[in-house]
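The structure appears right after this line, and notes come after that.
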Number of protein chains: 4
Amino acid sequence: MLNRVILIGRLTRDPELRYTPAGVAVTQFTLAVDRPFSQGKEREADFINIVTWRQLAETCANYLRKGRLTAVEGRLQIRNYDNNEGKRVYVTEVVADNVRFLESGNVGGNREEGAGSNPSYSGGGGNNNNRYGGSREQQDPFIDDGKPIDISDDDLPF
Amino acid sequence: MLNRVILIGRLTRDPELRYTPAGVAVTQFTLAVDRPFSQGKEREADFINIVTWRQLAETCANYLRKGRLTAVEGRLQIRNYDNNEGKRVYVTEVVADNVRFLESGNVGGNREEGAGSNPSYSGGGGNNNNRYGGSREQQDPFIDDGKPIDISDDDLPF
Amino acid sequence: MLNRVILIGRLTRDPELRYTPAGVAVTQFTLAVDRPFSQGKEREADFINIVTWRQLAETCANYLRKGRLTAVEGRLQIRNYDNNEGKRVYVTEVVADNVRFLESGNVGGNREEGAGSNPSYSGGGGNNNNRYGGSREQQDPFIDDGKPIDISDDDLPF
Amino acid sequence: MLNRVILIGRLTRDPELRYTPAGVAVTQFTLAVDRPFSQGKEREADFINIVTWRQLAETCANYLRKGRLTAVEGRLQIRNYDNNEGKRVYVTEVVADNVRFLESGNVGGNREEGAGSNPSYSGGGGNNNNRYGGSREQQDPFIDDGKPIDISDDDLPF
DNA sequence: TTTT
DNA sequence: TTTT
């Protein structure tokens, strides 16, 4: 009914950009979000999986890099799929619709450069067709083999 | 660094109240949070695990029931533990520090009644000692056997 | 850079629907949001102005009524305009892009009924053209006289 | 009932630290939060007043400076007071309970240095006595004259 | 494994 | 009255 997540943390590695068979961009990365520090304990963090789609996915792939401080806004999603041993697996991730790059850096070096100089960061609206994930038959897009991931067009969140 | 989750949904079942060996109250429940509806699809929801501690845990156990519309504020946490086959398992949950009961109902019937008539809903502060979960050796408090769950005092989030 | 507000409260009166000269729907209402109760004090609340645009404005006008418990998501905006004594006035409001009706009631009675039976609640995206308010020359849309309010098409938030 | 604001922006000036007559620290600053950019318009921002109390107030005064990128979490509050012409004035501000310094810089130079090297940023809990502001008789703590501001001990938010 |  |  209402589902909002806001995080600030650092990328644990470079983002991964892929395309669905229909050619829709998907970028995935993990954010290390420090927990409130308590003395007498070692530092701790939560490692939270983020997914972005379409234009935002391409912007993230172009501008984010491992270690960068980043703010993410989105919704919490729990997908499930059956793995190769026929066991149900649950995947929790944040489907981001807004990503802010809090450290600029000289990015874009080893990837195709973002064309314009004015990157737009927020997931464009559209028809609010938020349905990525959830159905039993769905495959995990993060378990892949280099080939285009097997999700259909209507697996998209908007 | 910053980690905030806000959800509105309905309890999938009655909340479960337990106590740590040190006598600290823990309540767990699951919130069904409807996804934005898109035509041509069946209705979908995310089922999100919520944990509350101490006073808030007891208030939730006393006042929440299956089906109730509820707002939850907290932080997203990813714990991990090794299951009985020695395999690492990851558990995602929202550690709530604020819970709002959006439907009152005639609650408290089949449980011990909340003493006062003015339930306080938000997790009292304290020493900001947020460290529940995360370490490798930790056991899942939700895998239990009726006996007090095996987590030590310093597994508490505040 | 990032600007997110989430509120739950009750309408202090029925919402007001108007149209810009270009025919764009704007609905305004005020939410009474209770503060955390502290003993020895009288109950207190913040009265927060909400604005919605376009389709969401019409849905709110059709389905919300005074007293209804409502959740609002949006961004905090500070507009300013010069009043009739030439003094700068600052207006703070939440521009909502998502509104959840937490109490249904038998609404729509004294207004035109929402056509379909499946009201959509969230502000459809579009071209992310969020610029309502802010410029010096702008008039306050909430100071009006029954006539269409004097704001141009590009005063719209998206 | 639920009231949560999360902002990322830059300080428009150095923060101002004061003390209530009872000796409680209050720090105020303004955050410039850029609006989503829309082409064909000049860049715009909302200027949002932030208040912090006690330990968090002192940490903010020690570590924040004009221009610094900063994340703020808190609740939206509308206070009112009667100005010297007997007119009711409304003040909107965010009462922060969590502030994150997203740019470190070499701070603390021209003020008393923060004692420890490990600044804690979030508003310590306590007795959840959130009642700052709101009552008719209250004076605006930000209209002052160099002397300790005239608010009593129970004007504090926790 | 799930709620209205 | 405002920040990069």
Side-chain angles (χ1 to χ4, degrees), chain A residues 1-3 78-82 87-90 100-104 117-119 121 134-136, chain B residues 7-16 28-37 42-50 64-72 91 93 101-103 105 142-143, chain C residues 1-3 78-82 87-90 100-105 117-119 121 134-136, chain D residues 7-16 28-35 37 42-50 64-72 91 93 101-103 105 142-143:
Chain A
M1 196 127 181
L2 188 148
N3 183 335
I78 287 118
R79 286 185 300 119
N80 62 74
Y81 66 97
D82 296 317
K87 232 189 103 188
R88 176 67 48 84
V89 180
Y90 291 86
R100 297 290 152 181
F101 311 152
L102 304 176
E103 289 174 351
S104 42
S117 56
N118 208 317
Y121 315 82
S135 72
R136 189 181 208 91
Chain B
L7 305 169
I8 299 181
R10 294 183 184 278
L11 292 231
T12 60
R13 55 181 191 280
D14 284 2
E16 283 179 46
Q28 198 264 358
F29 56 91
T30 297
L31 219 55
V33 180
D34 287 339
R35 297 190 184 166
F37 181 72
E42 71 259 59
R43 222 166 194 355
E44 287 179 322
D46 290 289
F47 297 93
I48 301 175
N49 293 321
I50 315 291
L64 287 178
R65 285 297 172 277
K66 177 179 177 178
R68 292 280 158 72
L69 191 66
T70 306
V72 163
V91 178
E93 59 210 359
F101 311 153
L102 305 177
E103 290 174 350
F142 302 127
I143 295 188
Chain C
M1 198 129 179
L2 186 148
N3 183 336
I78 286 119
R79 286 183 302 118
N80 61 75
Y81 66 97
D82 296 317
K87 232 189 103 186
R88 176 67 48 84
V89 180
Y90 291 87
R100 297 292 151 181
F101 311 152
L102 304 177
E103 289 173 352
S104 44
S117 56
N118 209 315
Y121 314 81
S135 71
R136 189 181 208 90
Chain D
L7 305 169
I8 299 181
R10 293 181 184 279
L11 291 231
T12 62
R13 54 179 192 281
D14 283 1
E16 284 178 46
Q28 199 264 356
F29 55 91
T30 298
L31 219 56
V33 180
D34 287 339
R35 296 189 185 166
F37 181 71
E42 71 261 58
R43 220 163 195 357
E44 286 180 322
D46 290 288
F47 298 94
I48 300 174
N49 293 321
I50 315 291
L64 286 178
R65 286 298 173 274
K66 176 178 176 178
R68 292 279 157 73
L69 191 67
T70 305
V72 163
V91 178
E93 60 211 0
F101 311 152
L102 304 177
E103 290 173 351
F142 302 127
I143 294 188

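In what follows, chains are A, B, ... by sequence order, proteins preceding strands, each numbered from 1. Keep in mind that this is a model prediction, so the values were computed, not measured.
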Report task. Applying side-chain contact (heavy atoms from CB on, under 4.5 Å), name anything that partners D/N49, two or more places apart in sequence or on another chain. Result -> D/Q28, D/T30, D/E93
Expressed as a whole number of angstroms, how long is the span from [X]:[atom1] to [N]:[atom2]?
X      : N     : atom1 : atom2 : result
D/R35  : F/dT4 : CZ    : P     : 19 Å
D/D14  : F/dT3 : CG    : P     : 12 Å
B/E42  : E/dT2 : CD    : P     : 13 Å
B/D46  : E/dT4 : CG    : P     : 17 Å
D/L11  : F/dT3 : CG    : P     : 11 Å
D/F101 : F/dT4 : CZ    : P     : 18 Å
A/I78  : E/dT1 : CD1   : P     : 14 Å

Query raised in the report: Quick one: is F/dT1 close enough that its OP1 or OP2 comes under 4.0 Å of any side-chain N or O from D/R13?
Result: no
Query raised in the report: Does a side-chain N or O from B/R43 land closer than 4.0 Å to OP1 or OP2 of E/dT4, or not?
Result: no
Query raised in the report: Considering only E/dT4, F/dT3, E/dT2, which nucleotide approaches the side chain of B/T30 most closely?
Result: E/dT2
Report summary line: Out of E/dT4, F/dT1, E/dT1, minimum distance to the side chain of B/D34 belongs to E/dT4
**Report entry** Pairing residues for B/D46 by the side-chain hydrogen bond (donor to acceptor under 3.5 Å, both in side chains) criterion, not counting sequence neighbours
**Finding:** B/R35
Report task. Compare the ring of D/F47 with the six-membered ring in the base of F/dT3 and state whether they stack (centres under 5.5 Å, planes under 30°). Result -> no
Query - A/R88 and A/D82 ion-paired at < 4.0 Å - result: yes
